[in-house]
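Everything on this sheet refers to the single structure shown next.
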2 protein chains.
Amino acid sequence: MLRLSKLTDYAVVVMVRLGRGEAVQTSPCIAAATGVPEPTVAKVLKILSAAGLVASHRGARGGYRLVRPLDAVPIADIIAAIDGPIALTACVDGGTSCEAQGLCPMRGRWDPVNRAIEAALAGITLADMADPGPTFAAPGEAAALGPRALPLSALHVAE
Amino acid sequence: MLRLSKLTDYAVVVMVRLGRGEAVQTSPCIAAATGVPEPTVAKVLKILSAAGLVASHRGARGGYRLVRPLDAVPIADIIAAIDGPIALTACVDGGTSCEAQGLCPMRGRWDPVNRAIEAALAGITLADMADPGPTFAAPGEAAALGPRALPLSALHVAE
DNA sequence: GATAAGGGGACCGCAACGGTCCTGTTTCGT
DNA sequence: ACGAAACAGGACCGTTGCGGTCCCCTTATC
């Protein structure tokens with residue numbers, strides 16, 4: 001299914017959340033606002049921090065803030081931070097495999113595919129995924145929309 | 001890593017092999033020619049046959065043949081046949097999940113990403129991944145190329 | 001009728017992922 | 001100076017899906 005890790009999904013939610021409200025937000029606060037379990041939020045933020053996508057501030061009154069605005073963060077960066085480099089097969093990156101056989105029939109063949117995907121992902125920013133805009137849906141309105149097609153901001157009413 | 005299943009990799013190898021030589025080839029023959037284990041080749045071919053990408057002929061002197069030429073088979077078809085529909089997250093296809101929470105913050109947000117990837121994969125055909133052309137590398141030449149950048153035809157010298 | 005080949009499953013081991021928790025270390029507030 | 005708040009980093013399992021193999025049945029040719 002071209003599996004994308006669930007953590008990446010959470011990372012987008014967390015990043016978009018960071019793009020709103022206070023400039024510096026704590027992970028418990030983000031967890032409460034998004035509905036994502038707090039340990040998971042913390043884990044995601046640690047990874048994003050290590051990747052340089054968010055900046056952290058330690059100690060009391062600490063928290064995280066965005067380094068770049070949402071429209072300057074391509075989705076490819078998030079995927080690369082959580083799931084590692086964008087490569088469809090294990091044969092194309094470090095190249096540690098395929099040594100046993102000595103001859104991997106697909107050597108380098110997936111490169112154009114990987115480049116095409118990378119280009120596609122580089123053209124979409126987090127702002128594109130959060131574009132419902134500044135209007136927040138009220139709880140009643142969100143429920144009226146049914147289980148499908150809920151805007152990203154649906155969970156933000158909890159804030 | 002945007003994991004793509006290994007079976008898909010094998011499927012491309014098998015399909016490209018089917019694009020060469022005899023029109024109808026048996027799975028043991030393909031296994032011997034590509035170096036892929038025979039049970040795995042058979043499994044891949046069954047899936048490809050069910051997806052309509054190859055046609056099968058049962059009985060003695062049976063085998064498989066391509067339905068469409070390689071340059072008419074986008075890589076997206078192979079991925080869809082092996083890995084299922086191209087969708088980065090479980091939330092975008094059938095939509096059976098996220099019912100427990102009732103509110104999935106990413107509802108529909110991944111759609112543009114999925115469409116971009118699908119478009120990218122639809123533009124690359126199997127012929128693009130097999131383009132070393134009619135010239136087959138001799139074993140010595142293939143070895144001289146080093147562990148990297150081996151052409152797809154490298155294993156076909158075994159035929 | 002014997003044989004060769006595909007059809008359709010079932011089966012099991014393994015590795016990766018999701019999710020949680022624990023123990024530091026740092027900084028702000030009192 | 002002390003304590004609390006919050007990040008840093010890693011360890012820890014359960015689960016899930018995948019890779020790989022094997023079996024029996026059906027079909028078609030010789």
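Note that the structure is a prediction, hence the values are computed from the model and not measured. Below, read A as the first sequence line, B as the second, and so on, with proteins coming before strands; counting in each chain starts at 1.
- Here the C1' atom of nucleotide D/dG17 and the CD1 atom of B/I82 are 16 Å apart, to the nearest Å.
- A/D9 places its CG atom 16 Å from the P atom of C/dC17, with the value rounded to the nearest Å.
- Contact of the B/I30 side chain with the B/V13 side chain is not registered, since no non-hydrogen atoms from C-beta on lie closer than 4.5 Å.
- Taking 4.5 Å as the limit, some side-chain heavy atom of B/M129 sits within range of a side-chain heavy atom of A/V113.
- Under the side chain to side chain contact (heavy atoms under 4.5 Å, CB included) criterion, A/E22 pairs with A/Q25, not counting sequence neighbours.
- With A/D83 contributing its side chain and A/L4 its backbone, the two residues share no donor-acceptor pair below 3.5 Å.
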Let me have the donor-acceptor pairs involving side chains of residues 52-71 of chain A, under 3.5 Å, with sequence neighbours excluded, atom names and distances please.
from, atom 1, to, atom 2, distance (Å)
A/R68, NH1, A/A72, O, 3.2
A/R68, NH1, A/D77, OD2, 3.4
A/R68, NH2, A/D77, OD2, 3.1

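- Within the nucleic acid shown, B/L45 has no heavy atom closer than 4.0 Å to any nucleic acid atom.
- Take the nearest nucleotide of DNA chain C for A/A60 and for A/T8: the residue whose nucleotide is more 5' is A/T8.
- Taking atom CD1 of B/I79 as the reference point, atom P of D/dC18 lies 14 Å away to the nearest angstrom.
- Across residues 46-59 of chain B, B/K46, B/S49, B/S56, B/H57, B/R58, B/G59 each have a non-hydrogen atom less than 4.0 Å from an atom of DNA chain C (numbered order).
- Computed from coordinates, the A/Q25 CD to D/dA6 P distance equals 13 Å when rounded to whole Å.
- Along DNA chain C, the nucleotide closest to A/R61 and the one closest to A/E38 are compared, and the more 5′ of them pairs with A/E38.
- Phosphate proximity of D/dG19 to B/T40: absent, as no side-chain N or O sits under 4.0 Å from OP1 or OP2.
- With C/dT20, C/dG6, C/dA4 as the choices, the nucleotide that has an atom nearest any side-chain atom of B/Y64 turns out to be C/dG6.
- Considering only heavy atoms from C-beta on, A/L48 comes within 4.5 Å of A/I82 through its side chain.
- In this model, the phosphate group of C/dG19 is approached by a side-chain N or O of A/K6 to a distance below 4.0 Å at OP1 or OP2.
- If you take NZ of A/K43 and P of D/dA11, they are 13 Å apart, rounded to a whole angstrom.
- Within the 4.5 Å cutoff, side-chain heavy atoms of A/D9 are placed close to those of B/W110.
- When rounded to the nearest whole Å, the span between CD of A/E22 and C1' of D/dA6 equals 16 Å.
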